[in-house]
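Below is one structure; the comments refer to it alone.
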Amino acid sequence: MTLETLQRRSDALRAEIGKTVLGQEEAVDMLLIALFARGHVLLEGPPGTAKTLLARSFAAAMDLQFGRIQFTPDLMPGDVLGTSIFNFQTNEFVLTPGPVFTQVLLADEINRAPPKTQAALLQAMNERTVSIDGTDHALGREFIVVATQNPIEQQGTYPLPEAQLDRFLFKLVIDFPPEEIEMAILRQHAGAPMESGMETSGLEKTLDAEALADSRALIDGIILDDDILAYILRLVRATRESSEIAFGASTRAADALAAATRSLAGLSGRDFAIPDDVKRLFVPALRHRVVLGPSAEIEGRSAAMVLENILNQIEAPR
């Protein structure tokens with residue numbers, strides 16, 4: 001397999017997703033980068049901005065098993081992971097797998113579930129394994145979580161714990177599209193059936209598990225030179241020294257940013273990374289891994305604004 005083949009596969013995925021999701025090219029690119037970097041993605045935005053449709057289209061364009069969990073306040077960990085049920089015919093417990101046993105998992109409105117249910121995903125996201133009644137069950141190397149959350153409503157929601165936020169490679173902020181894109185969406189839907197689920201029914205499956213494994217193996221062969229690694233480290237360490245950040249990014253964040261940089265380089269047709277790759281990924285990879293200090297919050301500055309400021313202050317390698 002070559003980098004040209006990888007580019008063709010990623011272009012085919014973009015084209016299929018673009019049939020149903022308009023105006024979200026950057027979010028689609030980040031989903032592909034996360035897919036090949038073995039990372040999970042958190043989509044945040046107001047209702048009606050196609051977060052769920054984006055995740056469903058992403059899964060529909062691949063020949064992988066898709067599962068969805070609609071998180072609610074009464075959802076229990078067993079509803080996510082599954083449970084062991086006693087079989088009276090065989091006199092033994094039999095596992096009834098939960099919806100987490102899939103390859104592409106949509107965790108819809110993840111911040112509506114209580115912390116113990118959110119925590120049930122921690123081991124699955126980090127190790128791609130779940131433990132039920134003392135037995136480990138593998139989820140497969142293809143397993144990826146695409147979660148959504150609504151930042152507007154606070155009643156009946158539970159903010160994700162820092163430990164779980166750190167498991168997401170990217171946090172993508174989905175906003176309302178420009179006027180011309182909204183008009184294109186209205187035109188696209190005006191002559192189509194209004195039945196739910198019809199949007200993704202016509203998408204072609206352009207990537208299977210074998211092709212995904214080959215693509216990931218190719219990206220694994222991309223080596224970051226010391227200049228790029230040092231640049232990543234300077235950026236991450238700068239988050240710990242900033243007066244506007246109370247708690248900076250961890251070593252895991254630096255490792256995740258490096259993995260995403262390799263993925264972006266491969267998807268760009270290169271077997272090497274450049275500083276612009278790091279710059280493009282720095283904010284989405286770290287905005288959810290830092291905790292702002294009081295001064296930044298009082299001034300109404302967002303994590304993205306503070307990170308952009310750090311990005312402008314740290315000199316990139318030439």
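These numbers were taken from a predicted model, which means no experiment stands behind them.
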Could you state the interatomic distance from [atom1] ([X]) to [atom2] ([Y]), rounded to the nearest 0.5 Å?
X: Q24; Y: L172; atom1: CD; atom2: CG; answer: 9.5 Å
X: L165; Y: R287; atom1: CG; atom2: CZ; answer: 12.5 Å
X: L42; Y: R167; atom1: CG; atom2: CZ; answer: 14.5 Å
X: L64; Y: L35; atom1: CG; atom2: CG; answer: 7.5 Å
X: L286; Y: K171; atom1: CG; atom2: NZ; answer: 12.5 Å

| Between I110 and F168, what is the shortest heavy-atom contact and its length? | CD1-CZ, 4.4 Å

| remark: Of all heavy-atom pairs linking V145 and M125, the shortest is CG2-CG, 3.9 Å

Can you tell if the side chain of [X] reaches within under 4.5 Å of the side chain of [Y], non-hydrogen atoms only?
X: L121; Y: L105; result: yes
X: I69; Y: L75; result: yes
X: L22; Y: P177; result: no
X: L6; Y: L267; result: yes
X: L106; Y: F58; result: no
X: T5; Y: D214; result: no
X: R289; Y: T239; result: no
X: T20; Y: Q188; result: no

| task | Determine, step by step, whether D108 and T52 satisfy the side chain to side chain donor-acceptor pair (under 3.5 Å) criterion, reporting the C-alpha distance in whole Å, the side-chain angles of both residues, the deciding distance to 0.1 Å, and the verdict. | result | CA-CA 7 Å; D108 214 358; T52 301; 3.1 Å; yes

| field | R234 to Y231, cation-pi by 6.0 Å centre distance and 45° axis angle | value | no

| request: Not counting sequence neighbours, which residues clear side-chain contact (heavy atoms from CB on, under 4.5 Å) with F247? List them please. | output: V291

| Residues in side-chain contact (heavy atoms from CB on, under 4.5 Å) contact with D220, at least two apart in sequence or another chain | R38, R262

| request: For the pair R301 and E308, find out whether any cationic side-chain nitrogen is under 4.0 Å from an anionic carboxylate oxygen. | output: no

